[in-house]
Amino acid sequence: MPNDSLGHADIIRRRDRAMSPSVKTFPIFPKNPMVLTRGEGQYVFDDAGKRYLDGTAQNLCISLGFAHPLTLAMTTEQLHAMQHCTTLFYHETPMLYAEELAAQMPPGSGDWVVHLVNSGAEAIDLAFTMARVHTRNFEILTLRNGYHGLQMGALGSTAFATCRPPIPPPAGFVSVHHPDQYKGVFGPGITPYLAEIDRTIAAATSGAIAGMIFEPIQGFGGVVPMPTGYLAGAAEITRRAGGLVIMDEVQTGFGRMGSHYWGFEAHGVTPDIVVLGKGMGNGLPISGVIVRRAIAETFAQTRFFNTFGANPVAVAAARSVIKAIAAEGLQANAAARGAQLEAGLRALQQRHDLIGDIRGTGLIMGFELVKDHATKAPATEAGERVQEALREAGYITVRGTPGRNVFRVNPPLCITAADIDGLLGALDTALTEAT
Ligand code: PMP
């Protein structure tokens with residue numbers, strides 16, 4: 001429960017003193033931070049009691065909504081029964097979840113098993129280790145502008161200098177230009193980007209790779225979708241070089257795309273390892289991989305243990321996510337609300353030169369503010385004004401990319417048509433005032 005006796009300034013000052021300054025290195029509102037006290041559905045409340053639509057879903061972790069009745073019921077029941085049971089013992093909850101999660105893979109796509117851990121980066125590391133052990137190859141190809149986490153192994157695959165401490169990076173990661181259709185180094189089209197994978201394997205690896213990792217839509221990198229045909233081509237090249245296809249569905253998974261349950265399904269590609277996190281537990285810390293049984297069996301030749309992995313309370317929350325997405329039609333809602341948002345943004349683009357590009361699918365949507373449509377120079381200051389005006393109007397959004405000019409709109413999946421209309425109206429006003 002929030003302590004009402006503490007004032008806004010006190011909480012900020014004391015957190016800044018007590019917690020490591022590293023927690024401030026991903027600021028959403030650096031000049032005037034928010035103190036949040038509670039969440040309800042798609043909304044959060046600040047310490048003055050003001051309600052906001054959370055367009056970040058707390059970094060895409062709140063999939064169903066805050067205080068969702070099913071998450072509350074299932075986690076509370078589990079918390080009372082047994083708050084932790086390690087995988088050294090058998091327990092019904094993770095077993096049921098593994099069955100339910102594997103059943104979400106496309107029918108006939110393979111024989112899948114589930115391995116649960118606690119954070120996205122941990123699951124990414126697990127995927128890399130599994131791929132290396134199974135293939136007996138070492139090098140992992142990654143895409144520039146990709147984000148897969150900042151713990152040691154995952155850090156090697158996250159291609160942002162600002163996230164890299166000045167220490168030797170983990171070995172064995174080679175990055176490839178990403179197929180950005182708006183401002184990619186090779187321009188639009190996929191052929192030069194696929195050729196770049198071949199060239200990279202030939203020049204910067206031993207020729208045989210352990211795998212290649214992709215986000216179907218690069219989230220942190222500014223909502224950059226993989227263009228049609230790219231993932232299929234890249235998967236073929238990866239497999240030809242002996243590697244496994246690793247799909248990072250940490251942001252795109254669990255219906256957020258609207259059109260599909262998993263991002264890879266939009267590309268007609270079946271990966272070998274699928275990495276999950278964020279919205280998987282509707283805010284509780286849980287992550288994992290869905291992996292082909294044969295790969296998991298090779299990996300099981302050495303011992304592996306993770307103390308909190310498959311914690312039954314977190315797993316109960318994850319079960320509530322699968323159940324509620326189906327019961328409440330949340331994937332369909334993501335599709336409908338995403339289409340409404342995209343149409344509204346395109347209409348705004350007609351009237352506001354600031355909007356250079358609109359990207360994404362469903363409720364993983366972004367729009368890029370530029371000073372000039374030809375140079376695509378980032379409209380950083382205008383972006384800040386727009387973001388502040390939206391906050392004033394009760395809408396929290398996050399700006400990404402080094403130019404901080406790409407707005408990422410990733411609300412909880414329960415967002416309503418009225419919420420989207422309200423956001424678009426506030427954005428219209430904010431864009432008018434920002435120019
Ligand atoms: N993959 C993707 C696509 C992510 O966006 C993130 C986190 N932003 C991660 C992996 C890492 O997750 P975590 O922060 O839980 O380690």
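Numbering of ligands and ligand atoms starts at 1, following listing order.
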Ionic contact status for Lys183 with Glu368, cut-off 4.0 Å: yes
May I have the list of side-chain donor-acceptor pairs in residues 322-332 shorter than 3.5 Å, sequence neighbours left out?
unit_1 : atom_1 : unit_2 : atom_2 : d
Glu328 : OE1    : His68  : NE2    : 3.1
Glu328 : OE2    : His68  : NE2    : 2.9
Gln331 : NE2    : Gly258 : O      : 3.1

Residue contacts for ligand 1, heavy atom to ligand atom, distance under 4.0 Å: Ser119, Gly120, Ala121, Tyr147, His148, Gly149, Glu215, Asp248, Val250, Gln251, Lys278
Ion pair check, Arg391 and Asp46, cut-off under 4.0 Å: no
Arg385/Glu381 salt bridge by N-O under 4.0 Å criterion: no
Salt bridge (charged side-chain N to carboxylate O under 4.0 Å, His left out) partners for Lys24, two or more places apart: Asp16
Under 3.5 Å donor-acceptor pairs involving side-chain atoms of residues 159-175, not counting sequence neighbours:
unit_1 : atom_1 : unit_2 : atom_2 : d
Arg164 : NH2    : Gly156 : O      : 3.2
Arg164 : NH2    : Thr158 : O      : 3.3
Ser175 : OG     : Arg144 : NE     : 3.1

